[in-house]
Structure formats: C-alpha cells, structure tokens
2 protein chains.
Amino acid sequence: MQDSPFGPSYSVLRPVRGGNAFEETIEHLLQTIKLGIFAPSEKLPPERELAERLGVSRATLRDALGELQNAGYLEVQRGRYGGTYVSSSAVQRPTESRPLERAEVEDVLLFRGIIEPAAAALSAKAALTAAARQHLQQCLSELTSATPETYRPRDARFHIAIAELSGSASLVGAVAETRARLNDLLDRIPRLGTNLEHANEQHAEIAEAILRGDAVTAERVTVEHLEGTASLLRGFLA
Amino acid sequence: MQDSPFGPSYSVLRPVRGGNAFEETIEHLLQTIKLGIFAPSEKLPPERELAERLGVSRATLRDALGELQNAGYLEVQRGRYGGTYVSSSAVQRPTESRPLERAEVEDVLLFRGIIEPAAAALSAKAALTAAARQHLQQCLSELTSATPETYRPRDARFHIAIAELSGSASLVGAVAETRARLNDLLDRIPRLGTNLEHANEQHAEIAEAILRGDAVTAERVTVEHLEGTASLLRGFLA
DNA sequence: AGCTCTTGGACTAAAAACAGTCCTTTAGAA
DNA sequence: TTCTAAAGGACTGTTTTTAGTCCAAGAGCT
C-alpha cells in the first residue's frame with residue numbers, strides 16, 4: 001500500500017524474514033515472556049528442546065538467551081534439575097519512546113478488531129473438552145486477581161487462551177502476534193490507571209458466554225472490550 | 001494445540017523462520033507467481049531492487065531465481081531493458097499428490113472465512129480513491145474474462161485487491177498468505193469444472209457492493225462465495 | 001560418599017548468507 | 001556508428017548459522 005499503490009501488488013513483496021536468526025530469536029523469546037506465555041519464576045524448556053522448537057541452532061539460541069539473561073529477563077541455574085527461569089523481579093520496561101505512528105496503530109487495532117471477536121465467536125461454537133473449559137477458567141481467575149503490574153501479560157494469556165479454544169492454529173498465531181505488536185505500542189505511552197474492574201467484568205462476561213456456547217454475546221462483548229484499548233491508544237496519536 | 005494441549009502455551013513456541021533463506025525465497029517468489037501478483041509475460045523488478053524488498057542478499061535471490069528459471073517459471077533477458085520475466089507458457093502444475101490433511105484444510109478454510117469477509121466489509125466502509133475503484137474494476141474484468149486455466153491466479157488477485165482497498169497491510173498479508181496455502185491445497189485435488197458463471201456473478205456482486213459502500217452485502221456474498229471452495233475441498237477429505 | 005543423569009557451557013569445522021566489486025550484455029540515445 | 005546506462009552474471013572475502021562433540025555443574029538416589 002505504500003509506494004506504488006496498485007498495479008503489481010507490491011504489498012506482497014515484503015521481506016521474507018524479519019532479520020537474522022539471532023535477532024528473531026531474541027524478539028520471539030521476549031514476546032513469549034511479555035505475553036505471559038512463560039510467567040515469572042517459570043522454567044523454560046531445556047535449551048536443546050527449545051532450540052529445536054524454535055527451529056534454530058542451539059548456539060544461536062544460547063546467544064539470544066545470554067542476551068536476555070544479562071538484560072535481566074532470565075536467570076539460569078546449572079546442573080541437573082537446573083534450567084533457565086523467567087526473572088521473578090518485575091520486568092521493568094525500558095520506557096521505549098519511539099513515537100506512535102498512526103498507520104501502525106490503526107493497522108494493529110483494525111486487524112485485532114477482526115480476529116479477536118472472531119476467535120471468541122468460534123470458541124463459543126466449538127465443542128469444548130473439560131480440560132479446555134478448565135484452562136479458560138484458570139486464565140480468567142488469574143487475570144481477575146491481577147495487579148496493575150501483572151495485568152497485561154495475564155490479559156494477553158487470557159485472550160490467547162480463547163483463540164486456542166477455537167482450535168485453529170492460524171488464529172492462535174495471528175492473535176499472539178497481534179497482541180505482541182499491541183504491547184509494543186502500549187509500551188510507548190505512559191501507563192494510565194486502567195479501569196481494571198470494568199475490564200474484568202467484560203472478561204468474565206466473555207468467558208461465560210463462551211462456556212455456555214453463546215457466540216453472539218461472546219463476539220459482541222469482545223468488540224466492546226477492545227474499544228477500551230483502541231480509544232486509549234488513539235488518544236495518544238494527536 | 002498439538003502435544004501438551006494447554007499450560008505453557010506451546011502453540012506460540014513455533015519455529016521463528018520457515019526454513020533457510022534460499023528455500024524461503026523460492027517459496028515466496030513461487031507464491032507471487034501462482035497468486036498472479038506477477039502475471040505471465042510480466043517483468044519482475046530488477047534483481048537488486050527485488051533482493052532489497054525481500055530482505056535477502058542478491059546472491060541468495062539469484063540462486064532462487066536460477067532455480068525457478070530452470071524449472072520453467074521464469075525467463076531471463078540480459079542487457080539494458082532486459083530483466084526477468086514470468087514464463088508466458090502456462091505454468092504446468094507438477095500434480096503434487098501429497099494427501100490432504102483434515103486439520104490443515106479446516107484451518108485454512110476457517111481462517112479464510114474470518115479474514116476475507118472482514119476485508120470485503122472493511123473495503124466497503126472505506127473511502128475509496130478513484131484509482132482504487134479503477135483497480136478493483138480492472139481486476140474484476142480480468143477475472144470475468146478468465147479461462148479455466150487463468151482463473152485461479154486472477155481470482156487470487158481479485159481477492160487480494162479487495163484486501164488492499166481496506167487499507168490494512170496486515171490484512172493484505174494475511175489474505176495473500178492464506179490464499180497461497182489454499183492454492184497448495186487445491187493443487188492436490190483433481191481439477192473439476194468449476195462453475196465459473198456462478199462465481200463470476202458473486203464476484204461482480206461483491207465488487208458492486210464494495211463500490212457503493214454496502215458492507216453488509218459485501219460481507220454476506222463473500223461468505224457465500226467462500227462456501228463453494230470450502231465444500232469442494234471438504235469433499236476430498238473422505 | 002559416591003554415582004548418575006539432566007542440564008547449561010564451551011569449542012570446532014563446515015555450510016549458508018552476506019556485502020561489495022567488477023564484468024558482460026544490449027537497447028536506445030547522441 | 002559510438003556511447004551510455006540499466007540490467008543480469010560472476011567472483012571474493014567476511015560474517016552468521018549450523019551440527020556435532022565434549023566438558024562442568026549439581027540435585028537426588030543408592
């Protein structure tokens with residue numbers, strides 16, 4: 001959409017990869033931490049397994065882990081039953097202050113506005129196993145009891161959990177990726193006192209709707225829920 | 001969603017990259033050709049520019065181009081005003097016959113069922129420039145006059161054009177990628193006599209709805225339109 | 001105390017990918 | 001005809017990434 005607006009659709013001629021393996025690995029790990037996929041004090045898989053999962057050599061993975069370690073995100077214990085742990089100390093945001101770009105903000109909000117409500121509706125329609133139901137409820141209760149510090153990763157985890165219930169791998173990937181981009185944007189604006197109570201009411205309502213198979217409500221409340229973050233971000237575009 | 005269904009959300013611990021740069025570049029170029037982004041006899045950007053766009057070194061790009069060249073997809077002319085051209089001879093599908101996997105099929109259809117209708121609705125709501133309107137109409141007329149051989153790439157091009165109108169880069173990327181996955185699936189089933197007339201009616205209806213700003217109709221017809229391909233593919237799942 | 005097994009730590013040689021430079025071709029302009 | 005500039009073609013040296021191997025730590029078991 002940028003330079004030569006139409007014609008040979010240049011929007012598809014984008015970079016095939018996001019950077020070198022080292023950078024991508026750091027980025028990816030940082031995302032999983034910030035998204036709360038691995039909660040503080042939780043242990044990461046062993047290096048050999050993690051390297052294989054990420055499709056990267058162990059040497060490269062170790063470079064990335066080392067970087068994250070001396071940036072304070074990870075702690076390492078050697079020996080049997082040792083491993084790499086997510087730092088329990090609150091991960092301090094380095095107050096990144098690149099300015100918000102309108103196009104980037106709108107793109108993220110728009111895409112999110114499509115896939116998250118769809119994920120909620122689909123999950124409500126899906127046949128949920130007992131384990132799935134329990135997983136959702138656990139994510140919800142962890143989120144409900146979150147403090148302003150722990151809120152964001154648990155929020156991400158909850159919304160990703162919803163996508164997981166839908167049973168679509170693509171959807172999970174899209175939601176997780178979009179959340180990560182959203183978090184990057186949120187990192188660039190001052191932290192305001194979010195209305196946690198209101199958000200939690202909506203979260204509960206969404207979870208209930210999904211569990212009782214009410215797709216319409218699940219979708220509607222999700223849309224409403226997203227509007228909060230959307231107007232917050234748009235407010236800083238000025 | 002695969003091994004350890006929930007808990008530390010392993011769905012996000014996926015490979016950070018799809019393969020080595022060489023393979024990814026081939027894959028990507030092949031997609032743009034199969035999607036009809038570059039129509040037969042059309043000229044690709046010069047190697048230096050293309051390499052930069054794809055975020056890959058010229059050496060790697062050239063390896064990939066060479067491979068595609070002696071696979072018959074590309075033709076090269078040296079000298080000033082020369083360049084790399086998409087073979088005008090119909091690209092013969094090598095009749096790939098890996099079997100369809102139910103999970104893959106359902107995942108693609110489901111994700112597509114989310115983003116394409118959303119793209120149509122958004123485009124209908126968007127303020128379209130004259131160039132944008134014309135681009136859509138041109139893609140439509142090219143599609144309408146397509147033969148069974150040229151139908152699929154033009155179809156992809158039309159649907160990607162719709163995503164482009166929405167103005168969201170993420171959406172364009174998602175639609176293009178999903179179309180490519182869909183084409184891979186379609187390559188694995190025998191070509192049937194598609195009901196081109198019916199599809200073309202729907203295409204025209206979608207385009208009209210978008211141009212007159214009727215989001216509801218654009219979305220509804222898109223959903224109906226997708227059902228054709230969906231049931232075709234599902235029919236081969238046995 | 002000693003053993004054992006899982007895990008992080010360190011090194012090497014080979015392969016992949018890169019940036020940079022120069023050569024060759026060739027249509028059109030001078 | 002000659003020159004020029006834009007394109008593909010080819011080579012070189014460097015950096016990144018990899019696979020593979022071995023070492024070191026250390027919790028828990030015998």
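Numbers restart at 1 for each chain; the letters A, B, ... are given by sequence-line order, proteins then strands.
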> Can you measure B:Glu52 atom CD to C:dG20 atom P for me and round it to whole angstrom units?
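Distance, rounded to whole Å: 11 Å.
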> Classify the side-chain pair A:Gln138/A:Gln134 by whether it contains a donor and acceptor separated by less than 3.5 Å.
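Side chains of A:Gln138 and A:Gln134: no pair found under 3.5 Å.
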> Determine, for B:Arg58 against B:Glu47, whether the closest basic-nitrogen to carboxylate-oxygen distance falls under 4.0 angstrom.
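Yes, B:Arg58 and B:Glu47 are salt-bridged.
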> At under 4.0 Å between heavy atoms, which parts of nucleotides 12-21 of chain D does protein reach? Answer with one letter per nucleotide, 5' to 3': B base, S sugar-phosphate only, - none.
-----SBS--
> Who are the side chain to side chain donor-acceptor pair (under 3.5 Å) partners of B:Glu23, not counting sequence neighbours?
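If we apply the side chain to side chain donor-acceptor pair (under 3.5 Å) test to B:Glu23, skipping adjacent residues, there are no hits.
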> Just checking, any donor-acceptor pair under 3.5 angstrom between side chains of A:Ser141 and A:Thr144?
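Short answer, no.
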> When the distance from CG of A:Leu74 to C1' of C:dT7 is rounded to whole Å, what number comes out?
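Those two atoms, CG and C1', are 16 Å apart.
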> Round to the nearest Å and state the distance from B:Tyr85 atom OH to D:dG8 atom C1'.
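Result: 12 Å.
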> So, OP1 or OP2 of D:dG8: does either fall under 4.0 Å of a side-chain N or O from B:Thr84?
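B:Thr84 to D:dG8 OP1/OP2: side-chain N or O found under 4.0 Å.
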> At under 4.0 Å between heavy atoms, which parts of nucleotides 24-30 of chain D does protein reach? Answer with one letter per nucleotide, 5' to 3': B base, S sugar-phosphate only, - none.
BBBB---
> Among residues at least two apart in sequence or on other chains, which ones pass salt bridge (Lys or Arg N to Asp or Glu O under 4.0 Å) with A:Arg181?
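Expected list: A:Glu104, A:Asp107.
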> How long is the line joining NZ of B:Lys43 and C1' of D:dG8, in whole Å?
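In whole Å, D:dG8 C1' and B:Lys43 NZ are 11 Å from each other.
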> Around atom CD of B:Glu52, are there more than 12 heavy atoms of other residues, nucleotides or ligands at under 6.0 Å?
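It does not: B:Glu52 CD has 12 such atoms or fewer within range.
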> Could you state the CG-P distance from A:Leu65 to C:dA10, rounded to the nearest angstrom?
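Result: 13 Å.
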> Can you measure B:Glu47 atom CD to C:dC23 atom P for me and round it to whole angstrom units?
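Atom CD in B:Glu47 sits about 18 Å away from atom P in C:dC23.
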> Using the salt bridge (Lys or Arg N to Asp or Glu O under 4.0 Å) rule, collect all pairs that involve residues 66-79 of chain A, keeping only residues at least two apart or in two chains.
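Non-adjacent pairs meeting salt bridge (Lys or Arg N to Asp or Glu O under 4.0 Å): zero.
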> What residues form a side chain to side chain contact (heavy atoms under 4.5 Å, CB included) with B:Arg133, not counting sequence neighbours?
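Scan of B:Arg133 (side chain to side chain contact (heavy atoms under 4.5 Å, CB included), adjacent residues dropped) gives B:Leu128, B:Leu211.
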> Is any side-chain N of the basic residue among A:Arg17 and A:Glu24 closer than 4.0 Å to the acidic one's carboxylate O?
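Not counted as a salt bridge, because no side-chain N and carboxylate O are separated by less than 4.0 Å.
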> Using atom CG of B:Asp63 as one end and atom P of D:dG8 as the other, report the distance to the nearest whole Å.
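These atoms are roughly 15 Å apart.
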> Nearest whole angstrom, please: distance from the P of D:dG9 to the CD of B:Glu75.
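Between P of D:dG9 and CD of B:Glu75: 13 Å.
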